[in-house]
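Notes follow the structure.
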Amino acid sequence: MTEPLVSAVIPCLNEEETLGICIEKVQQAFARLGIEGEVVVGDNGSTDRSVEIATSLGARVAHQEIRGYGAAIQAAVSAARGKYLIMADADDSYDWENIGPFIERLEDGADLVMGNRFRGKIYPGAMPPLHKYLGNPVLSWISKKFYRIPVGDFHCGMRGFTQKAWETMSLETTGMEFATEMVVRASQENLRIDEIPINLYPDKRSHPPHLRSFRDGWRHLRFIMTFAPNYLYLLPGAVLMLIGMILQALLFSGPAQIGPIYLGTHFLALGLSFTLVGLNVIIFGLIAKAFLWRRTRKLKNHLLSFLASHFNLERGLIGGVTVFLVGLGIDIHLLYRWLTVGGPMEESIHTAFVASGLIAAGLLIMFGSFLLQLMLSGEKH
């Protein structure tokens, strides 16, 4: 049997009204382009005639018990035999007949070809205003900012990729956030990503779409944040720690008056909290980056390169112990004053706060070093 050049991948959950239209359009495109192709439907537990329709039109059906957009696509792709794969929805909102440009870009060497609905034409009624003017643009902008990926429509459901790229990306999510994960993982693996304009047409189904705006929007945002440790951990942690250290430096010896503002013990407690929370968040960020480095074959990052070259457990422990001993030394000095001088020690409460913070910070650095060493050691997957 001749292996197909292209596999059309269609996720499906009760799409009997439009699935047949999409399959026929794909087959017409194959005939017009003169290529060997197949249609693989990833069925997500349909209870209508979707599976029957797909089979009658010559499509192969891959059944997926796990619910979710990403899960349905993963099942279909796993069953596909084509060198190139084109995916799009079963609601006839994407032009399945216009797969030629995707194939051309893949033949030209692209690993992932994204459709861009905003560079093409979005027909009236094809996209809700909330998605068109807020959801998609905002989430795409955040993704571009966080990951530095030159893609304008992160959530376009029509895209093409190679079998090799699919294996390299190692996608895991099962919901709508699968669309974002694909682009992010392709970028992390240094795959070539191209983008072409496409048109979006109104959904031809009579039942509501499976997409839930706020639930699925949150799942996209959650994924974007989780896999961007610079913005989720390191930047907020550094800001908190800097503010905390400034407050502690100002109040180390006692209350301070800055213009009309009086800074007393309460601000010192706030500064101590900011410093410790910021340090902890930074440690979380470094561990998260190390985790991504281990699971990604070609991820390049200057901070990780520096850590991999210069960090080891012993250096981390030395740094932590040093900070710990400085704080302990200050506390021992205060204890000595109390034992030798006696009397109330309220004037040294600010110094004691800072000393306690240094002791806690030293312990965080020491224990964090063990975990960071664990994540940085060994081979990347």
Side-chain angles (χ1 to χ4, degrees), residues 146 225-293 301-308 310-338 344-376:
F146 282 15
M225 296 296 295
T226 300
F227 287 83
N230 285 354
Y231 294 92
L232 181 62
Y233 299 105
L234 297 184
L235 182 58
V239 171
L240 281 174
M241 191 171 176
L242 179 61
I243 294 173
M245 292 176 67
I246 291 173
L247 285 173
Q248 289 190 84
L250 288 172
L251 303 174
F252 176 75
S253 300
Q257 186 81 31
I258 302 177
I261 302 175
Y262 175 80
L263 301 178
T265 308
H266 296 86
F267 282 92
L268 180 60
L270 181 66
L272 176 61
S273 299
F274 276 14
T275 301
L276 293 179
V277 171
L279 175 61
N280 219 20
V281 171
I282 289 173
I283 293 173
F284 286 158
L286 293 176
I287 293 169
K289 290 180 77 71
F291 170 79
L292 292 176
W293 178 77
N301 182 275
H302 295 301
L303 178 57
L304 280 177
S305 298
F306 177 84
L307 285 175
H310 297 87
F311 174 83
N312 57 44
L313 176 60
E314 290 73 23
R315 289 177 177 174
L317 290 177
I318 290 172
V321 169
T322 301
V323 174
F324 176 86
L325 290 178
V326 170
L328 184 62
I330 296 173
D331 265 349
I332 291 174
H333 172 70
L334 293 176
L335 176 63
Y336 174 77
R337 282 186 56 197
W338 179 72
M345 296 285 289
E346 284 77 5
E347 75 281 357
S348 64
I349 188 67
H350 285 238
T351 306
F353 260 101
V354 174
S356 298
L358 289 171
I359 291 173
L363 291 172
L364 286 173
I365 293 171
M366 283 188 276
F367 286 106
S369 295
F370 278 99
L371 188 53
L372 186 57
Q373 175 68 27
L374 177 65
M375 295 305 301
L376 288 173

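- Between Leu263 and Gln257, the closest side-chain pair of non-hydrogen atoms is not below 4.5 Å.
- Between Leu272 and Val354, every side-chain heavy-atom pair lies at or beyond the 4.5 Å cut-off.
- Remark: the Thr265 side chain and the His350 side chain contain an N/O donor-acceptor pair separated by less than 3.5 Å.
- Using a 4.5 Å cut-off on side-chain heavy atoms (C-beta onward), Ile349 and Phe353 make contact.
- The CG atom of Leu279 lies 4.5 Å from the CE atom of Met241; values are rounded to the nearest 0.5 Å.
- Using a 4.5 Å heavy-atom threshold, the side chains of Asp331 and Leu335 count as separate.
- At a threshold of 4.5 Å between non-hydrogen side-chain atoms, the residues Leu363 and Met366 count as touching.
- Of all non-hydrogen atoms in Leu372 and Ala290, the two that sit nearest each other are CD1-CB, 4.1 Å.
- At least one side-chain heavy atom of Lys289 sits less than 4.5 Å from a side-chain heavy atom of Asn230.
- Under a 3.5 Å cut-off, the side chain of Thr351 and the backbone N or O of Phe252 do form a donor-acceptor pair.
- Gln373 places a side-chain N or O within 3.5 Å of a backbone atom of Leu313 that can act as its donor or acceptor partner.
- Atom-to-atom distance recorded for Phe146:CZ and Phe227:CZ is 14.5 Å, nearest 0.5 angstrom.
- Side-chain contact between Phe311 and Ser369 is present, with at least one heavy-atom pair separated by less than 4.5 Å.
- Taken from CE in Met225 to CG in Leu232, the straight-line distance is 4.5 Å, to the nearest 0.5 Å.
- Relative ring orientation between Tyr233 and Phe284 is described as perpendicular, the plane-to-plane angle rising above 60° on a 0-90° scale split at 30° and 60°.
- Rounding to the nearest 0.5 Å places CE of Met245 at 11.5 Å from CG of Leu247.
- Here the CG atom belonging to Leu364 is positioned 6.5 Å from the CG atom belonging to Leu276, to the nearest 0.5 angstrom.
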* Show your working on side-chain contact (heavy atoms from CB on, under 4.5 Å) between Leu358 and Leu325 and close with a plain yes or no. => CA-CA 8 Å; Leu358 289 171; Leu325 290 178; over 6 Å; no
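- Contact of the Phe370 side chain with the Leu317 side chain is registered, since non-hydrogen atoms from C-beta on lie closer than 4.5 Å.
- From Leu240, atom CG reaches atom CG of Leu235 across 10.0 Å, with rounding to the nearest 0.5 Å.
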